[in-house]
Structure formats: C-alpha cells, structure tokens
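Read the structure below first, then the notes.
Order of listing sets the numbers, starting from 1, for every ligand and every atom in it. The residues of the chain are indexed from 1 along the displayed sequence.
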Amino acid sequence: MFYIGCHLSVSGGYENMAKEALSIGANTFQYFTRNPRGSSSKTPSPEDVAAMVSLIRENGFHAPLAHAPYTYNPASKDGHIREYTAEAMGKELRFLESIPDALYNFHPGCHVGQGVDVGIGFIADMLNSIILPDQNTVVLLETMAGKGSEIGSRFEELREIIDRVDEEKRCKVGVCLDTCHVNDAGYDIAADPDAVFTEFDKTVGLDRLRAIHINDSKNPLGAHKDRHEKIGDGTLGLDAFRRIINCGAIKDLPFYLETPCDLEGYAREIALLKSIREV
Ligand code: FE
Ligand code: FE
Ligand code: ZN
C-alpha cells in the first residue's frame, strides 16, 4: 500500500482534516498538535476525534502523524523551557491515546552551546519522563538539517538518544526521516537512497524508521539550511523522488509532504507521486 499524505491544519477540527485528506487523494495526513507558534490550543472534542477515527478506518488510512510545535526544546539550557516542553508533550501524548496507532513526531532540539552530549542527555531524560511503557503512541525523533545547534542531523546522535531511553520504554521510540533535512545534513539521498537507508540501518536500525517527510530542498547537499521546496523543483529533483518512494527498505512507510503548497498544490504532488510509484 502506498500511504501518502501531507501536512494539514487542525484549525477546522479533526474530522475536517480527514475529509480534506480524502478530497486531495491522500490516505494519511500530518498536523501540528497546536499552532506552530506555540500559542495555547483549545482541547479537541472527543466527538470530533471519534468522527475522524471512523472516517480514516472506513477509508483504510494509515494513522495520522501528529507533529509537536517547533517552539518546544527538550534540549534547552533553560530548565523552565525543558519543564514546559516535557509537560506539554506529556499532555499531548496522553491525548493521542484516543487515536489508534498514533505517531507523534518532534524535533529533538537545540543544545544552544551546551554541547551535543548534554543536549542528548536532556532529550533522553524528557522521553523517560513522558513515555509510559504501555502507551500505544510511538514517539518519533525527526532527522534534522543541522542548522545552528540542532541535534539529530547525524544518525549517530539519534541512536545515542534512543540508547539512553529506559529499556522498557524504548519500543515506543522511533524516527521520522525528512528527505530535505537529510540532504541538508549531508546524506546524499538524491543520488543513492539505498546507501542512505543502509547507513541508517547500520546506525539506528530500520525497524525504528516509522515515517518519511517527503520534501525537496532549496539548498545543496550538506548546506545545513532546512528550506523545503516543492517536489521536483529543488536540488533533489523528481528522479530522486522516484527512487526514494520505490525504495524497498521504506516503501511501506507513510509519506508526508511538507512542501510549500496549498491544498490544490498538495493534490497535484500526491497525484504526481502516485504516477511514479511502481507498486
Ligand atoms: Fe518537522
Ligand atoms: Fe519535516
Ligand atoms: Zn524542515
């Protein structure tokens, strides 16, 4: 099954996102758990969430991917920011238990000068404090571009975070790979996706990989920038996406577009990707 969707706004509610996804030919979707600027969110109504769950069930969707706001920083130097982040993420995780098989993606964070190792320690502490061993939701670390002091642009750093999570909680931790970010981090996914996934497998383990953010990049390999481009219009190019979405190692994972598109643009990109998908 080719699970393909895009980033949608939660502002119209949960059922509305599932309807929007259907209207653009998607069979999964991603959304921010709250406004990306981090302002407070109203609590979603259980009826609205239940309506979304039945709609995605009826239509054979892959479970949606919730994305934590960019404003969270579990690796912050400031203890108050770390506490706020852990509390907010913990709350979101408890809410996500109302959505079967939900995935919850977050940016590992920026160490802001304390060093990668200190940052990694804080991120693992945060995960240990919010993950319950019996929860259903899997928490995903996103591969980052390595802008500023971002942690998670090297697969080794992701591995290190996972290793420091308590053993009984580790099965609830996975990775979401962003094609723009890994390119900007210096992994040549455009030229040889198989080699990149082999390296991921050796470093982290492919069984941890649970979702793909499918974005072209405005910048060349290793630029450490993180500027997404529309599929085919960037430095990766359409041929790269043909190889990536047909890669045996990852082709059954859900793919989420985060390109600079409106709903119509996403509909076109989804149709384009379906047309170059081989099976
Ligand atoms: Fe992200
Ligand atoms: Fe992403
Ligand atoms: Zn990005």
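Among the heteroatoms counted here (N, O or S) of Asp178, OD2 is the one nearest to the Fe ion (ligand 2). The name of the N, O or S atom in Glu258 nearest to the Fe ion (ligand 2) is OE1.
Residues Glu97 and Thr137 have side chains that bring a donor and an acceptor to within less than 3.5 angstrom of each other.
At the Fe ion (ligand 1), the vertex angle linking NE2 of His67 with NE2 of His107 is 100° (nearest 10 degrees). Rounded to 10°, the angle formed at the Zn ion (ligand 3) by NE2 of His181 and OD1 of Asp226 is 90°.
Of the charged side-chain nitrogens involved, none lies within less than 4.0 Å of a carboxylate oxygen, so that Asp166 and Arg170 do not count as a salt-bridged pair. Between Asp216 and Arg227 there is no salt bridge, since none of the side-chain N atoms of the basic residue sits less than 4.0 Å from a carboxylate O of the acidic one.
Under a hydrophobic-cluster definition in which Ile, Leu, Val, Met, Phe, Trp and Tyr are linked whenever side-chain heavy atoms come within less than 4.5 Å, directly or via other members, Val138 and Leu93 are assigned to different clusters.
Taking 2.8 Å as the threshold, Glu142 counts as a candidate ligand of the Fe ion (ligand 1), since one of its N, O or S atoms lies below it. Note on His228: counted as a metal contact of the Zn ion (ligand 3), an N/O/S atom lying under 2.8 Å. Between the Fe ion (ligand 1) and His181 there is no N/O/S contact shorter than 2.8 Å. Residue His213: an N/O/S atom is found under 2.8 Å from the Fe ion (ligand 2).
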Going through the distances and angles, do Arg164 and Asp117 end up as a salt bridge (charged side-chain N to carboxylate O under 4.0 Å, His left out)? CA-CA 11 Å; Arg164 294 201 211 174; Asp117 196 60; 2.6 Å; yes
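Arg243 places a side-chain N or O within 3.5 Å of a backbone atom of Ala190 that can act as its donor or acceptor partner.
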